[in-house]
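Computation of the quantities below employed the complete heavy-atom set of this structure, encompassing side-chain atoms and omitting hydrogens, waters and symmetry-equivalent molecules. Letters go in sequence order (proteins before strands), and every chain restarts at 1.
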There are 2 protein chains.
Amino acid sequence: MSVEARRDVFQAIADPTRRQIINLIAYQSMNLNAIADNFSISRPAVSQHIKVLIECGMVSVRQEGRERFCEAKLDTLKEVAGWVDQYRQFWNTQFDSLDHYLNRIQNNTQSDQ
Amino acid sequence: MSVEARRDVFQAIADPTRRQIINLIAYQSMNLNAIADNFSISRPAVSQHIKVLIECGMVSVRQEGRERFCEAKLDTLKEVAGWVDQYRQFWNTQFDSLDHYLNRIQNNTQSDQ
DNA sequence: ATATTGTGTAAGCAAATACTTACATATATG
DNA sequence: CATATATGTAAGTATTTGCTTACACAATAT
């Protein structure tokens with residue numbers, strides 16, 4: 001981690017450890033030590049990763065006594081989603097199949113549900 | 001670009017130049033010089049970026065005479081989309097409202113449809 | 001055959017990354 | 001107050017990254 005980070009979401013999620021951190025705190029805030037317990041790297045290393053995530057807006061911190069709870073700000077991923085979504089037409093996946101599923105249900109509601 | 005690249009899609013799209021290259025060739029193959037004309041960096045620099053994109057499966061090359069046409073393999077972005085999609089519920093987009101709509105339909109099927 | 005065009009790749013370099021250990025500081029707790 | 005706990009941050013380091021220039025080489029054109 002450099003002193004002058006890029007503060008870019010794409011760059012932030014490029015690191016597998018940072019993606020794991022996001023996965024970890026996606027559904028519940030955790031303090032730094034709790035997060036660090038899930039990794040083999042040192043506590044300061046995790047702290048530095050979180051700093052990057054904060055700088056790009058993917059994590060916010062709520063201080064509570066001496067603990068600092070990290071909360072994932074997942075809507076920041078909109079930027080990534082927006083870029084990727086331009087190209088969804090090039091493959092078949094959940095996004096597409098959900099859409100199809102929905103249409104199927106709508107078409108079938110009268111008859112079999 | 002190192003000799004031993006990570007060959008990881010997340011890492012590949014972390015670089016803004018590489019994202020621009022993908023945007024450029026998304027809808028039509030282009031040879032390397034044509035791609036490089038769109039950037040201020042040197043031709044070899046572009047060549048190295050494309051090497052990274054090839055290594056992670058985002059670009060394939062078709063040789064034609066002395067030219068090498070680069071084609072974007074956009075379905076490789078499925079990996080990124082898959083990761084991001086887990087969190088779509090955390091912001092408001094089509095996907096979210098679709099999902100809620102789906103649940104609403106499922107919950108109501110017995111009673112009112 | 002010679003020159004031109006399209007491209008890969010090596011060598012070198014500055015900056016960024018991902019770590020580590022050591023140390024600083026603030027908030028509990030006995 | 002003296003410790004223990006939770007965390008930030010600085011300094012040092014090995015790698016990786018992104019870029020440049022120089023050079024190699026195959027396919028064309030003249």
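One can place CZ of Phe39(B) at 13 Å from P of dG18(D), the figure rounded to the nearest angstrom. Asp15(B) has its CG atom 14 Å from the C1' atom of dA15(C), to the nearest Å. The distance from atom CD1 of Ile21(B) to atom C1' of dC19(D) is 13 Å, rounded to the nearest whole Å. Per the geometry, CD1 belonging to Ile50(B) stands 12 Å off P belonging to dT9(C), to the nearest Å. What separates CG of Asp8(B) from P of dA18(C) is a distance of 12 Å, to the nearest Å. Straight-line distance from the NZ atom of Lys51(B) to the P atom of dG8(C): 10 Å, rounded to whole Å. If you take CD of Gln11(A) and P of dT17(D), they are 11 Å apart, rounded to a whole angstrom.
Linking ILVMFWY residues whenever their side-chain heavy atoms come closer than 4.5 Å, directly or via other members, places Ile54(A) and Val46(A) in the same cluster.
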Under 3.5 Å between N/O atoms: give me all the protein pairs with nucleotides 21-25 of chain D, atom names plus distance.
none

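Pairs passing the salt bridge (Lys or Arg N to Asp or Glu O under 4.0 Å) check and including a residue from residues 67-76 of chain A, sequence neighbours excluded, do not occur. Within the structure, the ring-ring contact (aromatic ring centres under 6.0 Å, His included) test picks out the following pairs touching residues 18-43 of chain A (sequence neighbours left out): Tyr27(A)-Phe90(B).
The closest side-chain heavy-atom distance from Arg88(A) to Leu77(B) is not below 4.5 Å.
Within a heavy-atom distance below 4.0 Å of DNA chain C, no residue of residues 23-35 of chain A is found. The stretch residues 56-66 of chain A touches DNA chain C through Gly65(A), Arg66(A), each having a heavy atom within less than 4.0 Å of the strand.
At the phosphate of dC19(C), OP1 or OP2 sits under 4.0 Å from a side-chain N or O atom of His49(A). Residue Ser47(B) places none of its side-chain N or O atoms closer than 4.0 Å to OP1 or OP2 of dT7(C). Put simply, Arg68(B) has a side-chain N or O that comes within less than 4.0 Å of OP1 or OP2 on dG8(C).
In this structure Asp37(A) satisfies the side-chain hydrogen bond (donor to acceptor under 3.5 Å, both in side chains) test with no other residue, sequence neighbours excluded. Residues satisfying the ring-ring contact (aromatic ring centres under 6.0 Å, His included) criterion with Tyr87(B), sequence neighbours excluded, are Trp83(B). Residues forming a salt bridge (Lys or Arg N to Asp or Glu O under 4.0 Å) with Arg19(B) (at least two apart in sequence, or on another chain): none. Residues satisfying the side-chain hydrogen bond (donor to acceptor under 3.5 Å, both in side chains) test with Gln28(B), not counting sequence neighbours, are none. The salt bridge (Lys or Arg N to Asp or Glu O under 4.0 Å) check on Arg43(A) picks up nothing, with sequence neighbours excluded. Residues passing the side chain to side chain contact (heavy atoms under 4.5 Å, CB included) test with Ala72(B), sequence neighbours excluded: Ile25(B), Leu74(B). For Arg66(A), the side-chain hydrogen bond (donor to acceptor under 3.5 Å, both in side chains) test picks out no residue, with sequence neighbours left out.
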